[in-house]
Amino acid sequence: MDIFIDSADLDEIRDASAMGLVDGVTTNPSLIAKVGRSRDEVIHDIVEVVDGPISAEVIATDTAGILAEGRAVAAIHENIVVKVPLIADGLKAVRTFTEEGIKTNVTLCFSATQAMLAAKAGATYISPFIGRIDDVSGEGMELIQEIVAIYENYGYGTKVLAASVRHPLHVKQAALVGAHVATIPHKVIHQLLKHPLTDIGLDKFLADAAKQGQ
Ligand code: E4P
């Protein structure tokens with residue numbers, strides 16, 4: 001499973017990239033707002049750090065606006081993936097982007113049928129939001145499982161990008177059910193690598209080495 005970092009914070013992206021585990025980056029308007037810079041400024045910086053798919057989300061909600069905004073942001077770098085909301089105008093734009101060779105990430109997916117439509121429109125990635133479904137007492141992971149199965153049944157080329165990941169278990173389960181990608185916040189990336197037995201074991205090794213004067 002590919003690992004993307006779900007962040008617009010350059011320090012976070014650099015930190016995770018330095019461990020060699022960032023295959024790509026996803027951003028959204030809320031993440032961009034958190035860093036207090038414009039989307040395009042942030043995207044220009046991210047492409048210098050990560051050589052992989054970088055999702056930049058459009059703000060427009062009509063097809064013409066999405067196309068204009070998406071083409072402009074895609075022109076920044078060949079790795080840009082235009083992130084488009086899962087609405088009718090969005091899917092119309094996705095179809096055109098696909099014909100033009102522009103990659104897309106269809107976002108705000110909350111049902112398997114929405115995911116089918118995005119695949120038929122030619123989306124490069126579909127982003128089902130696990131955590132937000134869990135937040136309303138749903139089973140976010142079941143949605144990932146359903147979409148993976150449906151895409152396999154019909155050979156859709158769209159990749160399943162598990163989004164709205166909130167904790168390490170989401171990552172493990174997404175990998176088990178066959179998501180192609182998980183986009184993970186920086187904090188969760190660090191949670192993934194921590195294990196108390198690793199820390200205890202390291203402390204013991206260092207203490208034993210010190211006793212021997214190593
Ligand atoms: C990523 O593409 C999504 O925008 C993001 O994972 C949403 O996460 P949230 O539900 O934690 O805001």
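Remember, it's 1-based here, ligands and their atoms both numbered in the order they're listed. What you see is a predicted model; the values in this text were computed from it and never measured.
Salt-bridge check for D11 with R14: passed, with a basic side-chain N closer than 4.0 Å to an acidic carboxylate O. A salt bridge does not link E100 to R95: none of the charged nitrogens lies less than 4.0 Å from a carboxylate oxygen.
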Would you mind listing each N/O atom of ligand 1 next to any protein N/O under 3.5 Å, plus the distance?
unit_1   : atom_1 : unit_2 : atom_2 : d
ligand 1 : 2 (O)  : K83    : NZ     : 2.5
ligand 1 : 4 (O)  : N28    : ND2    : 2.8
ligand 1 : 4 (O)  : K83    : NZ     : 3.1
ligand 1 : 6 (O)  : D6     : OD2    : 2.6
ligand 1 : 6 (O)  : S164   : N      : 2.8
ligand 1 : 10 (O) : R132   : NE     : 2.6
ligand 1 : 10 (O) : R132   : NH2    : 3.4
ligand 1 : 10 (O) : S164   : OG     : 2.7
ligand 1 : 10 (O) : R166   : NH2    : 3.1
ligand 1 : 11 (O) : R166   : NE     : 3.3
ligand 1 : 12 (O) : R132   : NH2    : 2.8

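Ring geometry for H167 versus H170: interplanar angle under 30°, hence parallel rather than tilted (30 to 60°).
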Give the C-alpha distance, both sets of side-chain angles, the deciding distance and a yes or no for salt bridge (Lys or Arg N to Asp or Glu O under 4.0 Å) between D199 and K194. CA-CA 8 Å; D199 296 338; K194 289 295 279 183; 3.1 Å; yes
Give every donor-acceptor pair under 3.5 Å between a side-chain atom in residues 116-126 and any protein atom, sequence neighbours left out.
unit_1 : atom_1 : unit_2 : atom_2 : d
T124   : OG1    : T104   : N      : 2.9
T124   : OG1    : T104   : O      : 3.4

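A pairwise comparison of heavy atoms in S111 and C109 identifies O-SG, 3.4 Å as the closest pair.
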